[in-house]
**Q** 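Supplied in structure tokens, the structure appears directly below.
Atoms considered below: every heavy atom in the structure, side chains included; atoms not considered: hydrogens, waters and symmetry mates.
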Amino acid sequence: MISAQAWDDARVVWDYHQMHHSPKPCSVAIGLGSHDLSVATAAAEAYKAGMVPVIVFTGANSPTTRSRFPEGEAIAYRKHAVGLGVPADAILVDTNATNTGQNITYSRELLEAAGIDVLSVLLVSKPYEQRRAYATARKLWPQVDIVCASAPMEFPEYVDSIGDGRLVIDMLVGALQRLVIYPKQGFMIEQDVPGDVMAAYERLCQGGFTSRLMPSV
């Protein structure tokens, strides 16, 4: 049973993880691979709306996606986007990245090799990965403007889509821990974490929502 306090705290953390950027036209959309096809859907919708002229899907596989996408995350995303009406020749794929840093670095290299000038990136991710993706991209590709985007989805709707509230809260907690510790390791830029967000995070940790936490370093 998840308490009302835990749900309230999870909503606070969920809201913090999103950047609340206003959509605008960009040089390219980069869809970060995961188990969630809504990332590919959001990138495809941006293309069809004329927001971007090209899409990069990036992602190999992870233990959580191997059975669902045996061909790899980026390939599955491309198939999904083509099925939604995006021309195959408007999609580039990186099938090697296994973390967010590699997603950014390999996508940048792929675009450079294709001769595509990039001034701005529509960075498409799962809703709760927006801030982490943004902080990583700003560290590794500071020259471009980063605009974060996800499928439009409220917290209860996302929980329903996953079907496991405890897992979703665990993922929110794990993502916030990485926002705190990764800048010190040089993986991303620092992000200010408001006091109410840290308090919510600490209560969730104390409540046992810790399966996605990294070991103490």
**Q** Within the distance-only criterion (no hydrogens, no angle test), does the side chain of Tyr106 pair as donor or acceptor with the backbone N or O of Thr95 below 3.5 angstrom?
**A**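 A pair under 3.5 Å: no.
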
**Q** Given 3.5 Å as the limit, does a donor-acceptor pair link the side chain of His21 with the main chain of Cys148, or not?
**A**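 Present.
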
**Q** Are any of the side-chain heavy atoms of Thr210 and Val173 separated by less than 4.5 Å?
**A**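 They are not in side-chain contact.
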
**Q** Side-chain heavy atoms nearer than 4.5 Å, only ILVMFWY residues, links allowed to pass through others: does that put Val12 and Tyr16 together?
**A**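 Yes, because Val12 and Tyr16 connect within a single hydrophobic cluster, where side-chain heavy atoms sit under 4.5 Å apart.
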
**Q** Met214 and Arg178: which non-hydrogen atoms are nearest, and at how many Å?
**A**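 Shortest heavy-atom contact: CG-NH2, 3.1 Å.
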
**Q** Is the shortest heavy-atom distance from the side chain of Trp7 to the side chain of Val159 under 4.5 Å?
**A**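 In short, these two side chains touch, coming nearer than 4.5 Å.
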
**Q** Decide, yes or no, whether a salt bridge links Asp9 with Arg203 under the criterion of side-chain N to carboxylate O below 4.0 Å.
**A**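 The answer is yes: the pair qualifies as a salt bridge.
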
**Q** Within a 6.0 Å radius of atom CG on Asp164, are there more than 12 heavy atoms belonging to other residues, nucleotides or ligands?
**A**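 Check passes, neighbour count above 12.
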
**Q** Quick one, Leu122 with Tyr47, criterion side chain to side chain contact (heavy atoms under 4.5 Å, CB included). Give me CA distance, side-chain angles, the key distance, then yes/no.
**A** CA-CA 10 Å; Leu122 186 69; Tyr47 176 87; over 6 Å; no

**Q** Which distance, rounded to the nearest 0.5 Å, do you find between the CE of Met188 and the CG of Leu179?
**A**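 Answer rounded to 0.5 Å: 5.5 Å.
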
**Q** Quick check for you: to the nearest 0.5 Å, what is the distance between Tyr201 atom OH and Leu213 atom CG?
**A**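 Between atom OH of Tyr201 and atom CG of Leu213 there are 5.0 Å.
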
**Q** So, the side chain of Ser27 versus the backbone of Ser120: is there a donor-acceptor pair under 3.5 Å, distance only?
**A**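 Confirmed, Ser27 side chain pairs with Ser120 backbone.
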
**Q** Is there a side-chain contact between His35 and Ile162, using heavy atoms and a 4.5 Å cut-off?
**A**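 The answer is yes, as the side chains (C-beta and beyond) meet within the 4.5 Å cut-off.
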
**Q** Look only at the side chain of Lys48 and the backbone of Leu84, and say whether a donor-acceptor pair between them is shorter than 3.5 Å.
**A**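 Flag set: sc Lys48 to bb Leu84 pair under 3.5 Å.
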
**Q** Are Tyr134 and Val193 joined in one hydrophobic group, where the rule is that I, L, V, M, F, W and Y side chains link up if heavy atoms are under 4.5 Å apart?
**A**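 Each belongs to a different hydrophobic cluster.
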
**Q** For Arg166 versus Met1, what's the shortest heavy-atom pair and its separation?
**A**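 Distance-wise, the nearest heavy atoms are NH2-O, 4.4 Å.
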
**Q** Only one of Thr58, Val121, Leu123, Ile146 clears side-chain contact (heavy atoms from CB on, under 4.5 Å) with Ile104; which?
**A**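 So the option named by the test is Leu123.
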
**Q** Are a donor atom and an acceptor atom from the side chains of Asp36 and Ser34 found within less than 3.5 Å of each other?
**A**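 Per modelled atom types, Asp36 and Ser34 side chains form no pair under 3.5 Å.
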
**Q** Quick check: does any side chain N or O of Arg66 sit under 3.5 Å from a backbone N or O of Pro70, one acting as donor and the other as acceptor?
**A**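 Between the backbone of Pro70 and the side chain of Arg66 there is no qualifying donor-acceptor contact (under 3.5 Å).
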
**Q** Is there side-chain contact between Glu112 and Val118, with heavy atoms separated by less than 4.5 Å?
**A**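 Side-chain contact under 4.5 Å: no.
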
**Q** Do side-chain atoms of Ser3 reach the backbone of Ala6 as a donor and acceptor pair under 3.5 angstrom?
**A**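 Checking the backbone N and O of Ala6 against the side chain of Ser3, a donor-acceptor pair under 3.5 Å is found.
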
**Q** When rounded to the nearest 0.5 angstrom, what is the spacing between CD1 in Ile181 and CG in Leu176?
**A**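 Atom-to-atom, Ile181:CD1 and Leu176:CG are 10.5 Å apart.
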
**Q** Count I, L, V, M, F, W, Y as connected when their side-chain heavy atoms are under 4.5 Å apart, and connections chain through other members. Are Val147 and Ile116 then in the same cluster?
**A**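 Each belongs to a different hydrophobic cluster.
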
**Q** Using 30° and 60° as the class boundaries, would you call the ring planes of Tyr158 and Trp14 parallel, tilted or perpendicular?
**A**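 Answer is tilted, since the angle falls between 30° and 60°.
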
**Q** Please report the shortest heavy-atom distance between Ser107 and Val56, naming the atom on each side.
**A**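 Heavy-atom minimum between the residues: OG-CG1, 3.5 Å.
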
**Q** Under 4.5 Å between side-chain heavy atoms, hopping through other hydrophobics if needed: is there a path connecting Met51 to Val144?
**A**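 In one cluster with Met51: Val144, no.
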
**Q** Drop me the distance from Gln143's CD to Arg138's CZ, to the nearest 0.5 angstrom.
**A**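 The CZ atom of Arg138 is 9.0 Å from CD of Gln143, to the nearest 0.5 Å.
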
**Q** Checking the side chain of Thr65 only, and the main-chain atoms of Asn61 only, is there a donor and an acceptor separated by less than 3.5 Å?
**A**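 Not a single qualifying donor-acceptor pair exists.
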
**Q** Taking His20 for its side chain and Asp15 for its backbone only, find out whether a donor-acceptor pair lies under 3.5 Å.
**A**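 Yes, because the side chain of His20 sits within donor-acceptor range (under 3.5 Å) of the backbone of Asp15.
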
**Q** How many angstroms lie between CG in Leu111 and CG in Asp94, if you round to the nearest 0.5 Å?
**A**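 If we round to the nearest 0.5 Å, Leu111:CG and Asp94:CG are 10.0 Å apart.
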
**Q** Under 3.5 Å, side chain of Arg108 to main-chain N/O of Leu140, donor-acceptor pair present?
**A**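 Yes; judged by distance alone, with no hydrogens or angles, the pair exists.
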
**Q** Indicate the atoms forming the closest heavy-atom contact of Ala43 with Val124, along with that distance.
**A**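 Shortest heavy-atom contact: N-CG1, 4.2 Å.
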
**Q** Below 4.5 Å, heavy atoms only, C-beta onward: do Asn99 and Thr136 meet side chain to side chain?
**A**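 They are not in side-chain contact.
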
**Q** Do other residues, nucleotides or ligands put more than 12 heavy atoms under 6.0 Å from Glu154 CD?
**A**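 No.
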
**Q** Would you mind reporting whether Leu204 and Leu172 have side-chain heavy atoms less than 4.5 Å apart?
**A**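 Of all side-chain heavy-atom pairs linking Leu204 with Leu172, none is under 4.5 Å.
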
**Q** Quick one: are Ile2 and Phe209 in side-chain contact, heavy atoms under 4.5 Å?
**A**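 In short, these two side chains touch, coming nearer than 4.5 Å.
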
**Q** Met153 and Ser161: which non-hydrogen atoms are nearest, and at how many Å?
**A**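 Reported closest heavy-atom pair: SD-OG, 4.1 Å.
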
**Q** Do Val54 and Leu32 belong to the same hydrophobic cluster, where Ile, Leu, Val, Met, Phe, Trp and Tyr are linked whenever their side-chain heavy atoms lie under 4.5 Å apart, directly or via other members?
**A**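 Linked, Val54 and Leu32 end up in one cluster.
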
**Q** Between Ala151 and Pro127, what is the shortest heavy-atom contact and its length?
**A**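 In this case the closest contact between Ala151 and Pro127 is O-CG, 4.2 Å.
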
**Q** Roughly how far, to the nearest 0.5 Å, is the NZ atom of Lys79 from the CD1 atom of Ile91?
**A**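 Atom-to-atom, Ile91:CD1 and Lys79:NZ are 12.5 Å apart.
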
**Q** Kindly say whether Met19 contributes a backbone atom to a donor-acceptor pair with the side chain of Gln130 at under 3.5 angstrom?
**A**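 Looks like yes, one N/O pair under 3.5 Å.
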
**Q** Evaluate Glu73 against Ser62 for side chain to side chain contact (heavy atoms under 4.5 Å, CB included), listing each step before the verdict.
**A** CA-CA 9 Å; Glu73 296 160 2; Ser62 71; 3.9 Å; yes

**Q** Does any part of the side chain of Val52, heavy atoms only, come nearer than 4.5 Å to the side chain of Val28, both counted from C-beta?
**A**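 With C-beta onward as the side chain, the pair stays apart.
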
